[in-house]
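Each remark here refers to the structure printed beneath this line.
From a predicted model like this one, the values you see are computed outputs, not experimental measurements. In this chain, numbering begins with 1 at the start of the sequence shown.
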Amino acid sequence: MNTIVLLSIICISCTSLLFINRGNNRNMQRCLCFVFCFLTIFLGIRYMFGNDYINYLYQYEKVKEGVDYSYSWYESILYNESASEPGWVLINRCFSSTSFAFLVFVLTIVEFYVLYKCIRKYVSPHHYWFSVYIFLINPYNMLTCISMMRQYLAMTIFLFAIRYIIERKIIKYMLLIVSAAFIHTSIIILLPVYFIGYINASLFKKDIIRICITIVVAFWYTIGAYYFGDIINELLGLSLLQRYDLYAGNDVKSISLGFSAVLYIFLFYLGISSIKNSTREETILILITLIGVLIIPLGTSIPHITRMSFYFTYALIFVCPILLTKIRRRSVRFILVMLMMIF
């Protein structure tokens, strides 16, 4: 309980600092740098904090003792659930002469530096506060960083790789994703994401098309994902996602979307509506987020696929501030901010 209170205070303090200084770009950049330095130190020195911390510490100790805790690439995809990907083992071995605490600290520095640079690159200084707020308040962002060290590192690599989608540098993108798969196998599904950079944005210019697509998405959230989820679950039975069933308790359990479905459908409509006035860079970020929005309802019948949506919804840190700059009506901007704060 004390931890939750502390994190809440940090969230409010960091967001307030950026919000108060939002009128001055130079102050905003300084404040953003200060916030990330503070968060890096605070989360970098954590100890026994996070659901999987003890498991990662155990793996580190085994590697330090000289135990071969890796396995073949083929086994890593289909069978072995108790060990860890070769890339993660290599990272542990590189820090075997120091300590696990130092490994955590270095990873936090790298991950937060990439996020900091991406916020500087993709977000207007006036909306830095909103980006930081979404990162801190969304349980799939900061809490993922604290608990799921391997996946968050993979998410960071994907975040860095987005620039190569924008720049249409397919080789660099593919190399980064394949390399990250040696740390967390699930990221391999992001290889085809490169081609969203070739989607014609003019497809979303007509209002009737956007409305029809949103209606289909609403149907997907209410009924479609539930029924198609069982089919997809069977198809994934022998896939690379099977080894992550242990995180979902092996049994398929239903999750409830509740009112959050309203938020995601609303975000989807705002996203496709904003594409017509967006740059190529902004369009790609929006489309990445919308893919995550479409994956989320599958969690009603495939719990572990929710982890796959983390890669895509991580871009909400940039997309929500971008949407604020595209929405003309103040009332709609207010609704977006309130929905993000509530959910």
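- Taking all atoms of both residues into account, the shortest heavy-atom contact from L176 to I157 is O-CG2, 3.8 Å.
- A single hydrophobic cluster is not seen to contain both L153 and F105; linkage of ILVMFWY side chains at heavy-atom distances under 4.5 Å, directly or through other members, places them apart.
- No path of Ile, Leu, Val, Met, Phe, Trp and Tyr side chains, each step under 4.5 Å between heavy atoms, connects I109 with V114, placing them in separate hydrophobic clusters.
- Not one N or O on the side chain of E61 forms a donor-acceptor pair closer than 3.5 Å with the backbone of Y58.
- A154 approaches I187 most closely through the heavy-atom pair O-CD1, 3.3 Å.
- Residues L294 and F268 are in side-chain contact: their nearest non-hydrogen atoms beyond the backbone lie under 4.5 Å apart.
- In summary, the aromatic rings of F100 and Y60 are positioned with their centroids under 6.0 Å apart.
- When every heavy atom of R93 is checked against every heavy atom of S96, the shortest pair comes out as O-OG, 2.7 Å.
- For residues 162-178, the set of pairs meeting the salt bridge (charged side-chain N to carboxylate O under 4.0 Å, His left out) definition, not counting sequence neighbours, comprises E167-K169.
- In this structure, V319 and E282 have side chains that are not in contact, with every pair of non-hydrogen atoms separated by 4.5 Å or more.
- Side chains of I286 and S278 form a contact here, defined as non-hydrogen atoms less than 4.5 Å apart.
- For the pair Y314 and I317, the minimum side-chain heavy-atom distance is below 4.5 Å.
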Can I get a per-line list of side-chain donor-acceptor pairs under 3.5 Å for residues 204-211, giving both atom names and the distance, sequence neighbours left out?
residue : atom : partner : partner atom : Å
D207    : OD1  : R210    : NH2          : 2.0
R210    : NE   : S273    : OG           : 3.4
R210    : NH1  : F204    : O            : 2.8
R210    : NH1  : K205    : O            : 2.8

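- Aromatic rings of Y116 and Y128 (six-membered ring for Trp) have centroids beyond the 6.0 Å cut-off, not under it.
- Between F42 and F38, the ring planes lie parallel to each other; the angle is under 30°, not in the 30° to 60° tilted range.
- A distance below 6.0 Å separates the ring centres of Y56 and W88.
- Counting heavy atoms from C-beta outward, F160 and L115 have side chains that stay 4.5 Å or more apart.
- With a 4.5 Å cut-off on side-chain heavy atoms, Y311 and S186 count as touching.
- Under the 30°/60° scheme for interplanar angles, the aromatic rings of F36 and F112 are found to stand perpendicular.
- Considering all non-hydrogen atoms of both residues, K326 and S274 come closest at CB-OG, 3.8 Å.
- Shortest non-hydrogen contact noted between A315 and I288 is CB-CG2, 4.3 Å.
- Inter-residue side-chain proximity for F266 and V332 is flagged as met; some heavy-atom pair is nearer than 4.5 Å.
- No side-chain N or O of Y122 forms a donor-acceptor pair with one of S131 less than 3.5 Å apart.
- I134 and C320 make their closest contact through CD1-CB, 3.3 Å (heavy atoms, listed as atom of the first residue, atom of the second, distance).
- Classification of the Y194-Y173 ring pair by plane angle, with boundaries at 30° and 60°, yields tilted.
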